[in-house]
Amino acid sequence: MEQRERPYQVRTVRQFTAGMAEFLNRQPWLERIGIKGEISGLRVFGDGHLGFSLKEERALVECIAWADWRRSLPEVKDGDVVIAVGRVRIHPERGAYKLYADELQLAGLGELFLQYERLRKRFLDEGLFAPERKRAVPELIRRVALVTAQDGRGAQDFIKTLRDEVPFVEIVLIETRVQGEGAEIDIAAALDQAAAREVDAIVLARGGGSYVELFPFNLEPVVRAIVRSRVPVLTAIGHEPDRHLADDVADLSFGTPSKAAAFIARAWLLARRALDERTHRLDRAIHEIILHHVQTLERLSSGVERAAMRAVLAKRTAYRTAVDRLDLRNPQRVLSDNRERALRLDSRLGDAMQRRLERETRGLDGRRNALDRAGTRFANAASTRFQRTTAALGACDPLAPLARGYAIVSSGGRVVREAALLRPGDPITARLERGTLAARVEAVNDDG
Amino acid sequence: MADAPQATFEAKLARIDEIVKQLEAGSVDLQKSTELFKEGKTLARECEALLKSAQEQIDRAAGREDASAR
Amino acid sequence: MADAPQATFEAKLARIDEIVKQLEAGSVDLQKSTELFKEGKTLARECEALLKSAQEQIDRAAGREDASAR
Amino acid sequence: MADAPQATFEAKLARIDEIVKQLEAGSVDLQKSTELFKEGKTLARECEALLKSAQEQIDRAAGREDASAR
Amino acid sequence: MADAPQATFEAKLARIDEIVKQLEAGSVDLQKSTELFKEGKTLARECEALLKSAQEQIDRAAGREDASAR
Amino acid sequence: MADAPQATFEAKLARIDEIVKQLEAGSVDLQKSTELFKEGKTLARECEALLKSAQEQIDRAAGREDASAR
Amino acid sequence: MADAPQATFEAKLARIDEIVKQLEAGSVDLQKSTELFKEGKTLARECEALLKSAQEQIDRAAGREDASAR
């Protein structure tokens, strides 16, 4: 009634079957599941794989089984009760699902499985699987107790891996019986013994085996021993897809002993790598710091030198400029100018004085000449006048005619000018130019 | 005693990590840088020693094993 | 400057930087320039010594590791 | 001028500058010119000595560093 | 004229100039001219001495620098 | 005429001029003329001597300069 | 006539002129003429002596100068 009222979606067959396939694929519990039932309609195919139906009362599941590389399938026949372990798949073209099993566990397993389920439920209820109960596994496991079967393949794988990868990890090997009746007691004892050792972890390892062979790892003594261990317990049991209750309570579980060993080794390798990486970075960082400081110091050191050189150079340039200007102003030129001026003045002084002397000399000479001329002139004038006067006097000489033959006749001391004043016979005196004559008048002619 | 070296190793590594980061940041002075480096190196050495001592132990163990088992 | 030796490497570098700037500014007189230069060089020498010492410490720290751990 | 030796390089240079200006002005007599020139030359010599000394100090400081620290 | 030696070079030169002008003008009598000439010569000699001394001072100032500082 | 030697060169020259004029005027008698002429000649001689003395002084002044200052 | 020798050259010449005029006038008798003429001649002789003396003085004055000053 209600369903009819609910809205619904319509799908095509393909869509539906594809959706169903996807749905199944998303179910983790269907990834690997063991289905217990009775074989019927067994078909054996040429390549060795089997086809059959698993029946339980009126229920039926179609199943295909084949052997994988790890183990062969047990011999089965119709009517055998088996647990087929594998994966459920949808066949769209048939609209049906099938179990694809790679493992068939034979009769009796059904009981074991029930026991497994019972134990599992109890441990689950006790909270043994709770992650919060579990112990922290140290990252670096330096000493490990390996609880395993004597000369078992699991132990060999584990030890080989550790030796190869981290040979320094110490393995405390505690051997125990791991299968058969009461093996769980031995395993538990071995675990207790291991927990008493100075180890960082216990690895419970077991190589591959059948479900039955591995069943002790589902049993309570083992689970309890793991839970009570003082030391973290790592399980590495059987084939990868199989899970045991020991795995569920273990602090870590690995599909194979090799994987457990790899985990331990990897932690060491990571630590080594981390240490190496940090050391490298530490060296590089300090190197860079020092290099940076060296470069800075060199830059500053040469900078201070350059700056000082430049400062001094600037001072030197200023100095040079000042000195050049000073030298340009060397008073030598002033001195030379002044010397020339002094020489010129000195020369003018001498010239002026010399000229003056020459002028005075000339003046003096002129005057001396004038004086001489004047002296000569007045002397000459005096002489001329003297000559003239004496000449005039000479011309007036009363006795001058006598020189021409005249004679002066005097009588009685008197010059006779008129003949009539005398008579013949009167004595007369005749004065000649040179000497006188005494004579007598002979005749007188007064017509003269 | 069993888990002391481990704790120390991780703690030491963490401290080295911190030192490396400080040095890489370049924010500490030369003296401090030098001291941090020395501390880092000491820690690295100790870490190394942890690895080494484990090595020695296993070598010894191997030697014993060789002597006894083969 | 009397307590310069106690100053850190970084403080000395900063002082050198300051000196370079003063010298480059050209505003100081010759005598002061010379003194600044000498101070700068002294500081540079001290820095050099500090670096050398740091380098030695680092080398020693690294060397010890080399010697002991490998 | 009696304390000229204590005067700084810059003060001396400034005084030379002043002297040059006086000489350039041409207003001073022969005696004064000669004295100014002599003073200028003396100052120039002192400046040269100061420069030389500064250079030497720098060279010595730089050289010593080269010698000792590198 | 008694303090002529204290007179500056320039004053002496000016006095010579004055004397030369008087002599060239011819307005003083011979005796006075002779005395002026003698005075002029004395002054010229003093000027020469001053020039010589100045020259020596300049040479020494310039020369000393050349010798010592270059 | 007794103080003629104290008279200046120029005064003597002037006196000679006066004498020449008197002689040339012809107004003085022979005796006076002769005396004037003699006076003139004496004056000329004195002038000559004064000139000679001046020349000597000048030469001496110049010569001394030549000898001492050059 | 007693002080004739004190008479000047010019006075003597004037007397001769006067004598010449008297003689030329012919108004004096022979006796007187002859006396006058004789007086004239005497005067003329005296004048000649004066002239000669003056000339000698002049020559001497000139000659002395020539000898001493040149």
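Here is how names work: the chains are called A, B, and so on, in the same order as the sequence lines, proteins then strands, and each is numbered from 1. Quantities reported herein were computed from a predicted structural model and do not represent experimental measurements.
With a 6.0 Å radius and a threshold of 12 heavy atoms from other residues, nucleotides or ligands, A:Arg266 has its CZ atom at or below the threshold. Within a 6.0 Å sphere centred on CD of A:Glu139, other residues, nucleotides and ligands contribute 12 heavy atoms or fewer. Around atom NZ of A:Lys134, more than 12 heavy atoms belonging to other residues, nucleotides or ligands sit under 6.0 Å away. Other residues, nucleotides and ligands contribute only 12 or fewer heavy atoms inside 6.0 Å of the CD atom of D:Gln31.
Here the closest non-hydrogen pair linking D:Ala44 and A:Val323 is CB-CG2, 3.7 Å. D:Ser33 and A:Pro331 get closest at one heavy-atom pair: O-CG, 3.7 Å. Of all heavy-atom pairs spanning A:Tyr319 and D:Leu13, the tightest one is CA-CD1, 3.7 Å.
Between A:Leu313 and D:Gln55 the shortest side-chain heavy-atom distance does not fall below 4.5 Å. Using a 4.5 Å heavy-atom cutoff, the side chains of A:Arg329 and D:Lys21 are not in contact.
Atoms CG and NZ, from A:Asp327 and D:Lys41 in turn, are 3.5 Å apart once rounded to the nearest 0.5 Å. To the nearest 0.5 Å, the span separating SG on D:Cys47 from CZ on A:Arg320 amounts to 11.0 Å.
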Start with the C-alpha gap between D:Leu43 and A:Leu326, add the side-chain angles, then the distance that decides, and say whether side-chain contact (heavy atoms from CB on, under 4.5 Å) holds.
CA-CA 11 Å; D:Leu43 287 168; A:Leu326 181 63; over 6 Å; no
Might you work through the side-chain contact (heavy atoms from CB on, under 4.5 Å) test for D:Ile19 and A:Arg325, ending with a clear yes or no?
CA-CA 10 Å; D:Ile19 286 170; A:Arg325 280 180 65 204; over 6 Å; no
Result block: side-chain N/O donor-acceptor pairs under 3.5 angstrom for residues 333-345 of chain A, not counting sequence neighbours:
{"residue": "A:Ser336", "atom": "OG", "partner": "A:Gln332", "partner atom": "O", "Å": "2.8"}
{"residue": "A:Asn338", "atom": "ND2", "partner": "A:Val334", "partner atom": "O", "Å": "3.1"}

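Contacts of D:Leu51 with chain A are made by both backbone and side-chain atoms, with heavy-atom separations under 4.5 Å.
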